[in-house]
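Report on one structure; see the data block that follows.
Labels below follow one simple rule: chain letters A, B, ... track the order of the sequence lines, proteins then strands, and each chain is numbered from 1.
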2 protein chains.
Amino acid sequence: MPKQATPLPHTVLGDDTPCCPPLAQQRVPAEVATALAPAFKALGDPVRLQLMSMIASAENGEACVCDLTPAFDLSGPTISHHLRTLREAGLVDAERRGTWVYYRARKAVLNQLAALLASGGGTTAP
Amino acid sequence: MPKQATPLPHTVLGDDTPCCPPLAQQRVPAEVATALAPAFKALGDPVRLQLMSMIASAENGEACVCDLTPAFDLSGPTISHHLRTLREAGLVDAERRGTWVYYRARKAVLNQLAALLASGGGTTAP
DNA sequence: TGTCAACCTAGACGAATGCCGAAGCAAGCG
DNA sequence: CGCTTGCTTCGGCATTCGTCTAGGTTGACA
C-alpha cells in the first residue's frame, strides 16, 4: 500500500475565515453553521475539552502527546483518536519533531468561536 | 476511572456558575470539562447552531417554535427534539404562553462559554 | 361541548461515535 | 543491523445521535 505523505489538509476553519458576527446579533447562515458546528462538536467531549485546555495552556503553546496520554485513564490509541478529531476540526495543529509529536492550539480559531458566542450584550436579565 | 455519568439534572450550567478562567490560561479540571462539554456538544450540530442563533438574535430575545420550524426542511418533532437538546444543555429556556411556546437564550451561559474559549492572548503564532 | 391547531412524547431504524486490542510506521540506540 | 519506544492506523463491538412516523396533551374557539 502506498504511503501518503499528505496526511491532512483539512482545515475547515482557516485563520482567515470571516466568520463571527456574534450569534446573538445576527442570524447565522446555514453555510456558516455547517462550517462551525464540527468545531463545537469536537469540543463536546470532556476528554477533548481537557486535551484542548492542556494544549492551549501549555508552556510554549504546545504539548507533547507523551504528556497528554498519561493524564487520562484511556488507552493510547483512544487519545490519538481524540487528537485526530481536534485536528480535523481545525482546532489544533500537529508537528513531529524527532521522536515526539507536539500539538499546538490554533488560538485564532478559538477566538473566532468565542466571538461568535459572546453576545455583546449582558447577562440573562434584559 | 470511576466516571460517573451526569444524570442531567437540568441546568448543569447555572447563571451563577463561576466557571471560566480561559481555557488557554488554566487547565480545565475534569469536573468542569464534564459539566461544560454537553453545552458544546449541543452546539455541535448545524441545525442547533442555527436555532440557537435564531433564538438569541430574535427581537425580544425570544422566538416562537412556529417561527423556527418552517426555517428548516425538517419535521416538527425533529426540531422539537433539537430544542429539547438545547434546553437540557442549559442553553435556552422554554415558556408556554397560550397556544405557542417561546424559547429564550440564556446569554449568561453563552458568555461563559465564550469566556472559556477566549484566549486572552493573541492569534496563532505568526 | 366538540373540534382544530400547536407542540411534545414514544418507538424505531440507519449512521456516526467512543472505546479497545493488534498491527503498522517512524525515530533513536545497542 | 536489530531492538526498543512513541504514535498512528486498522478492524471490532456497544453506545449514542439524528431523523422519521404515529400518537398524545394542551389551549383556543365556535
- prompt: Touch check for B:F72, heavy atoms < 4.0 angstrom, all strands: base, sugar-phosphate only, or nothing?
  reply: nothing
query: With respect to the phosphate group of C:dC8, does any side-chain polar atom (N or O) of B:Y103 fall under 4.0 Å of OP1 or OP2?
result: yes
B:S53 side chain near A:R27 side chain, heavy-atom distance below 4.5 Å: yes
statement: Among C:dC7, C:dC8, D:dG18, the one nearest any side-chain atom of B:W100 is C:dC7
statement: Of the listed D:dC20, D:dT8, C:dG18, the closest approach to the B:T78 side chain comes from D:dC20
- prompt: Hey, does the side chain of B:T34 reach the backbone of B:A30 with a donor-acceptor pair shorter than 3.5 angstrom?
  reply: yes
- prompt: Which nucleotide in the list C:dG18, D:dT8, D:dC7 gets nearest to the side chain of A:D45?
  reply: C:dG18
- prompt: Heavy-atom distance under 4.5 Å between the side chains of B:L51 and B:L83, does that happen here?
  reply: yes
message: So if I take every side-chain heavy atom of A:R87 and compare against C:dC8, D:dG18, D:dT8, which nucleotide ends up nearest?
response: D:dT8
field: Closest to side chain of A:L74, choosing from C:dC8, C:dC19, D:dT21
entry: C:dC19
- request: Tell me which of B:G76 and A:C66 sits closer to the 5' end of DNA chain D, going by the nucleotide each one is nearest to.
  value: A:C66
message: Regarding B:H82, tell me which of base, sugar-phosphate or nothing describes its non-hydrogen contacts under 4.0 Å with the strands shown.
response: sugar-phosphate
- request: Tell me whether the OP1 or OP2 atom of D:dT8 has a side-chain N or O from A:R84 closer than 4.0 Å.
  value: no
I'd like a table of atom pairs between the protein and nucleotides 27-30 of chain D - only N or O on both sides, under 3.5 Å - with the distance next to each one.
none

field: Exam field: side chain B:S80 to backbone B:G76, donor-acceptor pair closer than 3.5 Å
entry: no
field: Validation row: A:F40, A:L116 side chains within 4.5 angstrom (heavy atoms)
entry: yes
- prompt: Under 3.5 Å, is there a donor-acceptor pair between the side chain of B:N60 and the main chain of B:E62?
  reply: no
message: Reading DNA chain C from 5' onward, which residue's closest nucleotide shows up sooner: B:K41 or B:T69?
response: B:T69
field: Whole angstrom value for the distance that separates C1' of D:dC20 from CD1 of B:I79
entry: 13 Å
message: Students often get this wrong, so: under 4.0 angstrom with heavy atoms, is A:Y102 touching a base, only sugar-phosphate, or nothing?
response: nothing
- request: Taking only the side-chain heavy atoms of A:S75 (C-beta and beyond), determine which of C:dG18, C:dG21, D:dG6 contains the nearest atom.
  value: C:dG21
